[in-house]
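Okay, structure first, notes after.
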There are 2 protein chains.
Amino acid sequence: MTSKTVFEKLDLAPAYRQVSDSVEKMIRSGRLSLGDWLPPETELAAQLGVNRSTVREGLRGLEHAGLVRRDGKRLKVAIPHYTELASRASRALVMHQVTFRELSEAAAALETITAIFAAQRIDEGGIRALENNLKEMKARLNDIDSVVSLDIEFHNLLAEYADNRALSLAREPISLLFYPAGKIILTRLKTQKRILDAHKRIVALVRKHDEAGVRAWMERHMADLKRGYERTGIDMNRPMDSAV
Amino acid sequence: MTSKTVFEKLDLAPAYRQVSDSVEKMIRSGRLSLGDWLPPETELAAQLGVNRSTVREGLRGLEHAGLVRRDGKRLKVAIPHYTELASRASRALVMHQVTFRELSEAAAALETITAIFAAQRIDEGGIRALENNLKEMKARLNDIDSVVSLDIEFHNLLAEYADNRALSLAREPISLLFYPAGKIILTRLKTQKRILDAHKRIVALVRKHDEAGVRAWMERHMADLKRGYERTGIDMNRPMDSAV
DNA sequence: ATAATCGGATTGTCCGACAATATAAAGCGT
DNA sequence: ACGCTTTATATTGTCGGACAATCCGATTAT
């Protein structure tokens, strides 16, 4: 065993990680802010005292995380947008083998509270957007794919007019998994009409800012979806792997 | 204008992006599964027909996303764990300048439903864990930092025994921002006792599986926290930048 | 069998090079 | 002076090769 060498070492994390941490800190501390250009790779390399290749490896991480974005050739500081985070999160949910039960419970809770906030805060434009959605769905009631995507849109609209981004971020990964899976129900049970009816009622109540009514109907709607899954014979404890 | 050159081009995304996409697809399709070693960089480079540097840049993205993890020297396939995703999400919330209002609304909704599920499903072990938490908090009621972290732990315990990972993933980024900010309240208003009392009541109700009671008290508790913020003079429309 | 030793495999980092291209600068016609 | 084209420059993407450090497995010595 070596016996004399005292201390030394203590390098740990590879240099590329230190690069990304360093740049991230720079951003978070505000010394680099939103639209700023990142310094060129060569300059970063010089400043940090590492090779350009190392810098590049560090930047890839940040780029992947959405913290910097290519605009033309160079990189500029950005903020990761919801949809990216949400899709990442839903992929994680799939990998963690989250079950239908968990998903449907969470969806019920989140969509209900979302609808309630929407009922409190929606304006004329919001109402119109929702009504357009209803009209569209009515028109395409036989095209299952359209119904699915309009269903997703319906709930996204509610989220938008609920005016709470924290809630949006929370519900999005779940909705991203939950509603597309509904295609199974639709193809087997033809429940489009039922969905459309529920949406109609909800819009009517939202327009009247009737929070209690919205709560009741959204709960009912979500329970209905759950029942749909059960009636198609899906084991609610089955993980959500197939879809997406 | 060039006139002859027909087709060609159509390269798009840089090679390193294609590398990460390719590996990610490999993972998601199951051809590489959870604990598997990734091929060595040289081999990946050979298989994909690119240089090792390019492969490395591609891998950095996946590593940053938590899809592959260093185990010793080589990389193995992993799944991104909650806490990483959650902290990433909460950082995003901060960058999006989400307000206290949004956060507190979302927290109220999520913690309430979480507590209700916990009341349905908790077992003896869970009750004991909660009671330990209460005991600890009682013992350290004057150490504000301890109270804050025990408060966080309390709600995390509820989430754990609510047995719904989708909900956990949804609430975690919010709780990660919301409770630490409570330190402001505690230092100014000394509301530790009030928090502890609320927690005690909630535990009592959870033990009795009294869902309605839990709902009522959790709502009360969250409203109380909100009022605390207001009374410390914080503008609820202020973004959450300072903390974390 | 256990411990020490060795060698190959693999990653981390560096260097240097070059093509492609986006951006800035210079030129030019009006 | 202005708008357009051309030229230069800066910057990124990709490559090839190199080498030290280190982990892992096989071999050898105890």
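Note that the structure is a prediction, hence the values are computed from the model and not measured. To find a chain, count down the sequence lines: A is the first, B the second, and so on, and within it residues start at 1.
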Whole-Å gap separating C1' (C/dA9) and CG (B/Leu44): 15 Å
N/O (side chain, B/Arg52) to phosphate O (OP1/OP2, D/dG16) under 4.0 Å: no
Candidate nucleotides D/dT12, C/dC14, D/dT14, ranked by approach to the side chain of A/Val50 - the nearest: C/dC14
Gap between atoms CZ and P, on A/Arg56 and D/dT12 respectively (whole Å): 8 Å
Nearest-0.5 Å distance that lies between atom CG in B/Asp151 and atom CG in B/Leu186: 7.5 Å
Pair A/Phe117-A/Asp163, side chain to side chain contact (heavy atoms under 4.5 Å, CB included): steps then yes or no: CA-CA 8 Å; A/Phe117 283 132; A/Asp163 188 31; over 6 Å; no
A/Arg128: side-chain contact (heavy atoms from CB on, under 4.5 Å) partners, not counting sequence neighbours: A/Glu124
Positions of residues 60-73 of chain B (non-hydrogen atom under 4.0 Å from DNA chain D), listed by number: B/Lys73
A/Gln18 CD to C/dG12 P, straight-line distance once rounded to whole Å: 13 Å
Per A/Asn51 side chain, nearest of listed nucleotides D/dT12, C/dT13, C/dC15: C/dC15
Between P of D/dT14 and CD of A/Glu57, the distance in whole Å: 14 Å
B/Thr54 vs D/dG13: side-chain N/O to OP1/OP2 distance below 4.0 Å: no
5' priority, DNA chain D, between B/Trp37 and B/Gly49 [closest heavy atom]: B/Gly49
Minimum-distance nucleotide to B/Pro40 side chain [options: C/dT13, C/dT10, D/dG13]: C/dT10
Inter-residue atom distance A/Ile27.CD1 - A/Leu62.CG, 0.5 Å rounding: 6.0 Å
Touch class at under 4.0 angstrom, heavy-atom based, for A/Ser53 against every strand present: base
A/Thr99 versus A/Glu102, side-chain donor and acceptor atoms under 3.5 Å: yes
Distance below 4.0 Å between B/Tyr16 side-chain N/O and D/dG13 OP1 or OP2: yes
Distance test, side-chain N/O of A/Arg74 to OP1/OP2 of C/dT23, below 4.0 Å: no
Nearest heavy-atom neighbours spanning A/Leu158 and A/Ala115: CD1-CB, 4.3 Å
Rounded interatomic separation in angstrom, taking CD from A/Glu41 and P from C/dG16: 17 Å
Ring centroid separation B/Phe154 to B/Tyr179 under 6.0 Å: no
Protein-nucleotide distance (A/Glu43, atom CD; D/dT11, atom P), rounded to Å: 8 Å
